[in-house]
Amino acid sequence: MALKVYNTISGKKEDFTPLSEGKVKLYVCGVTVYDHCHIGHARSAIVFDTIYRYLLSKNYEVTYVKNFTDIDDKIIKKSQTENIPWQEVGEKYIRSFYDDMDALGVLRPDHEPRATQHIGDMIALVDTLLKKGHAYNIDGDVYFSVESFKNYGQLSKRSLEEMVAGARVEVDERKRNPLDFALWKASKEGEPSWDTPFGAGRPGWHIECSVMSTLYLGNPFDIHGGGKDLVFPHHENEKAQTEAATGERFVNYWIHNGFVNIDREKMSKSIGNTLSIKDFLKEYHPEVLRLFFLSNHYRSPVDYNEQSIEDVNRALHRLYYTRQRAMEAQKGGKVEPRTYPEADEIAKKFVDAMDDDFNTALALSYVFELSKEINRMADEKDESTAGLIAYAEGIYELLAGTLGLFTDSIEALESQERIRHLTRTGLDGTFVEQAINDRVEARKNKDFKKADEIRNMLAEKGIMLLDTPKGTQWRVKHSVS
RNA sequence: GGCGGCAUAGCCAAGUGGUAAGGCGACGGUCUGCAAAACCGUUAUUCUCCGGUUCAAAUCCGGAUGCCGCCUCCA
């Protein structure tokens, strides 16, 4: 089966055919760097990271570009309220962005251009649009004329009439059409400014993506992605201004990911229910978030809530335990992998699922199926299965790796969880160790009453004890269940 | 007001014509001083409701109800 991709512009799943065989040009709208990223940004990043990884796994030669919008109204505002130069606002949040993305295991794109590095190209594009009559200059503000572009509304499937009728925008009387949008803004006193033939000022919101995408990928290019909210107006406008300037099609496949709600409510700054990536990572392993998003179809809205995250956290551990068991089953000598057809069959289904518009939820179900297969074989405790397990594990790692999972060991997963728990609760690690030692001693003396008391005492502090052959260990006992 | 989406077991969630993936939970078992963890097994004759098309529908059509998103900065 060939790769099928849901294209926003057609509203259908389409066979994916890149412009140049074996090569994919991918552009994803990055962030405007005026604040720390929240889990909505994380979803977009993880969705497209997964698409990127999958394309690579299919041996496509992918050129992946993700931009930083580092000049914008919100950045200027932040610089004013915090009284720091606007450039520093950008630098600060770009660093923050990288910290988050690296933690989440998001692969770096090939190019990560910043808007301010391409001001000259933006000026040239605005100039072209002016010369072609698609834009007009009013006192240094340059607007794109939506009526001059016949396909305006094609992406978001709206007509100009509908939009004007339903518009709740403040009408700027100077504009020819209320939907005309700024390509270039005249700068006010104290704002960043660049000199241009049409007046000193700064770029409008959409122009940077038109410039950077086509500059690094050519025009047209294959895939343009981003969050669903960007369909209108951002991508509609990007498309309009690019196609008006070039006279050619801009993008072949538009891919948009759904939103993140929190407790069934839209996550937004005004409601005050945003959850930053950094705050999330204080509580959970980054792969919990990844697995959570991949358990849902990328186009559907997803509801973030404590219960779901706990469920996913357990599921993630399950996958890791299986991996651990598989490794242990191969200990004690070199194991020659022996072809295990069931594993090949599962791998094939995994690919089919991913080929069907990146159905990660279905693909994951096959990873769990393979986990079960491996455990069944490991349960047999039969030396002869070691080769089969080795083979199955190879595939298991491959599939999970394609989804960006298994970047840690189970030991790291659990020790990080313990550290997070101690930090969160303010508990002293040595106190816990001491209590565990006391209990070990009590158990040796068959003083099970005391042993159970200690166990209960720790349980109240969210600590769960495990008496394993290797000794007593502890894990975090999650309250929600 | 205009446009669009969604409704599947206790919870989360795939599935767009061929007879309901997967995860969590629960229950049973193995293990254990007892537990826990881990693993295995079981867990929806049915897909919001009412009509219709079809040999066949969760899937298509019509209607009803409920929830949500976009149209304004937003991943």
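Order of the sequence lines fixes the chain letters, A, B, ..., with proteins taken first and strands second; residue numbering starts at 1 for each chain.
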Quick one: label A:V260 by what it contacts on the DNA or RNA (base, sugar-phosphate, nothing), any heavy atom closer than 4.0 Å.
base

For A:H38, report the nucleic acid contact type (base, sugar-phosphate, nothing); a contact means any heavy atom under 4.0 Å.
base

With a 4.0 Å limit, can you tell me whether A:R318 has a side-chain N or O closer than that to the phosphate oxygens OP1/OP2 of B:A37?
no

Please measure how far the P atom in B:C31 lies from the corresponding atom in B:U8, and state the result in whole Å.
41 Å

Which is more 5' along RNA chain B, the nucleotide nearest A:D303 or the one nearest A:A363? Just name the residue.
A:D303

Working note: A:D447 + A:N445, criterion side chain to side chain donor-acceptor pair (under 3.5 Å); need CA distance, chi angles, decisive distance, verdict.
CA-CA 5 Å; A:D447 185 354; A:N445 302 329; over 6 Å; no

Partners meeting ring-ring contact (aromatic ring centres under 6.0 Å, His included) with A:Y340 (sequence neighbours left out)
none

Decide whether a cation-pi geometry holds between A:R108 and A:Y98; the criteria are a distance under 6.0 Å from NZ or CZ to the six-membered ring centre and an angle within 45° of the ring axis.
yes

If only side-chain N and O atoms of A:R314 are considered, is one of them under 4.0 Å from the OP1 or OP2 phosphate oxygen of B:G25?
yes

Checking all strands, does A:G227 fall into the base, sugar-phosphate, or nothing category for heavy-atom contacts under 4.0 angstrom?
sugar-phosphate

Under a 3.5 Å limit for both distances, which nucleotide forms a Watson-Crick or G-U wobble pair with B:G10, could you say?
B:C24

Check whether the ring centres of A:F406 and A:Y396 lie less than 6.0 Å apart, and answer yes or no.
yes

Give a yes/no on whether any side-chain N or O of A:N296 is located under 4.0 angstrom from OP1 or OP2 of B:A13.
yes

Identify which nucleotide among B:C40, B:C70, B:C11 has an atom closest to any side-chain atom of A:D311, counting heavy atoms from C-beta outward.
B:C11

Candidates B:A14, B:A75, B:A36 - which lies nearest the side chain of A:V31:
B:A75

Distance check: side-chain N/O of A:T274 vs OP1/OP2 of B:A75, anything under 4.0 Å?
no

Considering only nitrogen or oxygen atoms on both sides, find all protein atoms under 3.5 Å from nucleotides 31-35 of chain B and state each distance.
from  : atom 1 : to     : atom 2 : distance (Å)
B:G33 : N7     : A:R443 : NE     : 3.4
B:G33 : N7     : A:R443 : NH2    : 3.2
B:G33 : O6     : A:R439 : NH2    : 3.3
B:G33 : O6     : A:R443 : NE     : 3.4
B:G33 : N1     : A:D452 : OD1    : 3.1
B:G33 : N2     : A:D452 : OD2    : 2.9
B:C34 : O2     : A:R455 : NH2    : 2.7
B:C34 : N3     : A:R455 : NH1    : 3.1
B:C34 : N3     : A:R455 : NH2    : 3.3
B:C34 : N4     : A:D467 : OD2    : 3.3
B:A35 : N6     : A:D467 : O      : 3.4
B:A35 : N1     : A:D467 : N      : 3.4
B:A35 : N1     : A:D467 : OD2    : 3.4
B:A35 : N3     : A:R455 : NH1    : 2.8

Using the six-membered ring of A:Y34, assess whether NZ or CZ of A:K74 lies under 6.0 Å from its centre and within 45 degrees of the ring axis.
yes

Are A:N359 and B:G15 close enough that a side-chain N or O sits under 4.0 Å from OP1 or OP2?
yes

Quick one: label A:S365 by what it contacts on the DNA or RNA (base, sugar-phosphate, nothing), any heavy atom closer than 4.0 Å.
base

What is the pairing partner of B:C60, taking Watson-Crick or G-U wobble pairs with both distances under 3.5 Å in any strand?
B:G52

Taking only the C1' atom of each, what is the distance from B:A57 to B:U45 in whole angstrom?
15 Å

Write down the partner of B:C39 under the Watson-Crick or G-U wobble criteria, each distance required to be under 3.5 Å.
B:G29

Where does the angle between the aromatic ring planes of A:Y216 and A:H111 fall among parallel (under 30°), tilted (30 to 60°) and perpendicular (over 60°)?
tilted

Aromatic contact, A:Y253 with A:Y6 (centres under 6.0 Å)
no

Enumerate all atom pairs, one protein N or O and one N or O from nucleotides 66-69 of chain B, separated by less than 3.5 Å.
none

Give me the distance, rounded to whole Å, that separates B:U59 from B:C50 when you measure between the P atoms they each carry.
13 Å

Look at all strands and tell whether A:A361 reaches a base, only sugar-phosphate, or nothing, counting heavy atoms closer than 4.0 Å.
base

